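See below for the structure under consideration.
Just so we're clear, the structure is a prediction, and the values are computed from it rather than from any experiment. Values reported hereafter were calculated over all heavy atoms of this structure, with side chains retained and with hydrogens, waters and symmetry mates removed.
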Amino acid sequence: MDHNLLSKIATNNGHGENSPYFDGWKAFDANPFHPQHNPDGVIQMGLAENQLSFDLIQKWIESNPSASICTPQGAFGFKETAIFQDYHGLPEFRTAVANFMNRVRGNRVKFDPDRIVMSGGATGAHETLAFCLANPGEAFLVPTPYYPAFDRDLRWRTGVELFPVVCESADNFKVTREALETAYKKAKLANVKVKGVLITNPSNPLGTFLDRDTLKDIVNFVNDKSIHLVCDEIYAGTVTNGDEFVSIAEVIEEVPKCNLDLIHLVYSLSKDMGFPGFRVGVVYSYNDNVVNIARKMSSFGLVSTQTQHLLASMLSDDKFVENFISESRIRLAHRHDMFTRGLAQVGIGSLESKAGLFFWMDLRRFLKEPTFESEMTFWRVIINEIKLNVSPGQSFHCSEPGWFRVCFANMDDETTLVALWRIKTFVRNNRNLEIKTRKQCWQNNQHLRLSSRRLDDILTPHRMSPHSPLASPMVRAQN
């Protein structure tokens, strides 16, 4: 191909497909696991999808056929839905999404439907905000480790830069004012203008969420520097105990003289509802100018009116929403517990977490040397021998080698057990790989999770979601 015929954006590497994060997906695509047709294939544990509660959604759809314009019961609304193209979106859709955001956060805050700006998923929301808030060459500070695709979402087409705020395992990757100040000073020394801070709360990949005091520190920091704060809260509904999660929308009401023009929130239905294919993203800004500009930009990535129509009906069903949020949290907590305790049987720990569709697995003691080269060597063993696609920490810009993100909600219980069996078998057959002692690796990590409980104790029916296939007497007999 003659690259001279194409633009610089079209021919650069801004999409980031050369990252090990995407390499793992390619390994899965080339040899996908299937329990009958390809039982030795790669199990996909690098994709943060929430597939644990689709039975609840299917039941609602079957009970509400008029919600879709593609059924006999809903076809009467086909014409009006098909010709609607206002980029403000259907009023009932924006109201339903705002109310869902309220409910996910325990109704402790209230979102204004008139500030809901649609986008093509959280990816589109982040890029839209980057276009609105920064010029090419200017930067956002981002605490590490962070979602690998931020390098694509915020940088590729905008020309905006991301500047790391280094967070370390010794402090459980806590975001501190000191770390923010250090990164800000380094950016200034590098002659990089900082326009804002980007945080994910709950964190991807850590599965943790920020406490109230940390959020206040961050808000005070951006106010002192007069820079923007973009808070990604797309995993808000995955917090095991919803009462513990604190939204930035709560904190800004508690910080004296907070400049609301600097505060912006990203949300979507991809994780909390499990609808990544619907491409429902939200920009929610407290800055009137940003709302107006972002809405004009949303013309490039609107949510289809058919999708808006269906979701407006679904999310307006208060009884369904309350049950879905509650049951989804129960199932996610069970799956997280099932996996982390299963790994603990062979001495594999993880950062203690209560949110997200993943956990942060600690394999530092398996590295021959504490280097990212050793991390990649061991990651290839995981991909090629254990046949699991987990994502290495360096693809998340982690400052320390040996950490891996493990996604657990994109598979059924039987596949989860296969993945656990593969890991446990590998560890038991390769004890000589354990180079470091637990004390050396974990002495500074107060919140590492390690349990010696047997998996058999964990998978007893009284600890299971009643909807789990493993609760079936027939399945237990086969096991």
So do [Y] and [X] actually touch side chain to side chain, heavy atoms under 4.5 Å?
| X | Y | answer |
| --- | --- | --- |
| S350 | D362 | no |
| L215 | I199 | yes |
| W360 | S353 | no |
| T305 | F93 | no |
| T208 | L351 | yes |
| F140 | H126 | no |
| F404 | F396 | no |
| P32 | H34 | no |

* Given the side-chain rings of F150 and W156, with only the six-membered ring counted for Trp, is the space between their centroids under 6.0 Å? -> no
* Asked: Can the ring centres of W25 and F28 be said to be less than 6.0 Å apart?
  -> no
If we ignore angles and hydrogens, is there a donor and acceptor under 3.5 Å between the side chains of [X] and [Y]?
| X | Y | result |
| --- | --- | --- |
| S304 | T307 | yes |
| Y267 | D232 | no |
| Q44 | N389 | yes |
| E92 | S316 | no |
| T416 | D413 | no |
| R329 | T238 | no |
| D412 | T415 | yes |

Under 3.5 Å, is there a donor-acceptor pair between the side chain of [X] and the main chain of [Y]?
| X | Y | result |
| --- | --- | --- |
| S203 | T200 | no |
| Q394 | F372 | yes |
| N223 | V219 | yes |
| N135 | E138 | no |
| S53 | L56 | no |
| N287 | N289 | yes |
| N50 | K271 | yes |
| T158 | V160 | yes |
| N292 | D288 | yes |
| T240 | K354 | yes |

Looking at [Y] and [X], is any side-chain nitrogen of the basic one under 4.0 Å from a carboxylate oxygen of the acidic one?
| X | Y | answer |
| --- | --- | --- |
| D55 | R331 | yes |
| D23 | R380 | no |
| E127 | R152 | no |
| R177 | E181 | yes |
| R105 | E250 | no |

* Please walk me through it: do L265 and M101 pass side chain to side chain contact (heavy atoms under 4.5 Å, CB included)? -> CA-CA 11 Å; L265 191 147; M101 292 170 66; 4.0 Å; yes
What pair of heavy atoms forms the shortest contact from [X] to [Y], and how long is it?
| X | Y | value |
| --- | --- | --- |
| S119 | V303 | O-CG2, 3.6 Å |
| P276 | E49 | CG-OE2, 4.3 Å |
| A122 | I234 | CB-CG2, 4.0 Å |
| I383 | G24 | CD1-CA, 4.2 Å |
| L133 | K195 | O-NZ, 2.8 Å |
| S270 | R279 | OG-NH1, 4.5 Å |

Using a 6.0 Å cut-off, check whether atom [atom1] of [X] has over 12 heavy atoms from anything other than its own residue.
| X | atom1 | answer |
| --- | --- | --- |
| N191 | CG | no |
| K225 | NZ | yes |
| K193 | NZ | no |
| F300 | CZ | no |

Say you draw a straight line from [atom1] of [X] to [atom2] of [Y]; how long is it, rounded to the nearest 0.5 Å?
| X | Y | atom1 | atom2 | answer |
| --- | --- | --- | --- | --- |
| S313 | Q308 | OG | CD | 13.5 Å |
| N259 | H228 | CG | NE2 | 9.0 Å |
| L129 | I293 | CG | CD1 | 11.0 Å |
| N31 | N38 | CG | CG | 5.0 Å |
| R335 | T340 | CZ | OG1 | 12.0 Å |
| S391 | N204 | OG | CG | 9.0 Å |

Look at the aromatic rings of [X] and [Y] and report parallel, tilted or perpendicular, splitting at 30° and 60°.
| X | Y | answer |
| --- | --- | --- |
| Y235 | F358 | perpendicular |
| Y146 | H397 | parallel |
| F209 | F245 | perpendicular |
| F359 | F408 | parallel |
| F320 | W60 | tilted |
| Y286 | Y284 | perpendicular |

* **Stepwise side chain to side chain contact (heavy atoms under 4.5 Å, CB included) test for L388 and V42** => CA-CA 5 Å; L388 302 177; V42 176; 5.9 Å; no
* Does NZ or CZ of K387 come closer than 6.0 Å to the centre of the six-membered ring of F33, within 45° of the ring's axis? ->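 The answer is no; the distance or angle limit is not met.
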* Residues M361, W403; criterion side chain to side chain contact (heavy atoms under 4.5 Å, CB included); working and verdict -> CA-CA 6 Å; M361 180 169 61; W403 295 90; over 6 Å; no
* **The single option from D151, L154, L162 passing side chain to side chain contact (heavy atoms under 4.5 Å, CB included) against V142** =>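 Output: one option passes, namely L162.
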* Passes side chain to side chain contact (heavy atoms under 4.5 Å, CB included), R103 versus D318? Steps please. -> CA-CA 9 Å; R103 289 178 178 275; D318 292 341; 2.9 Å; yes
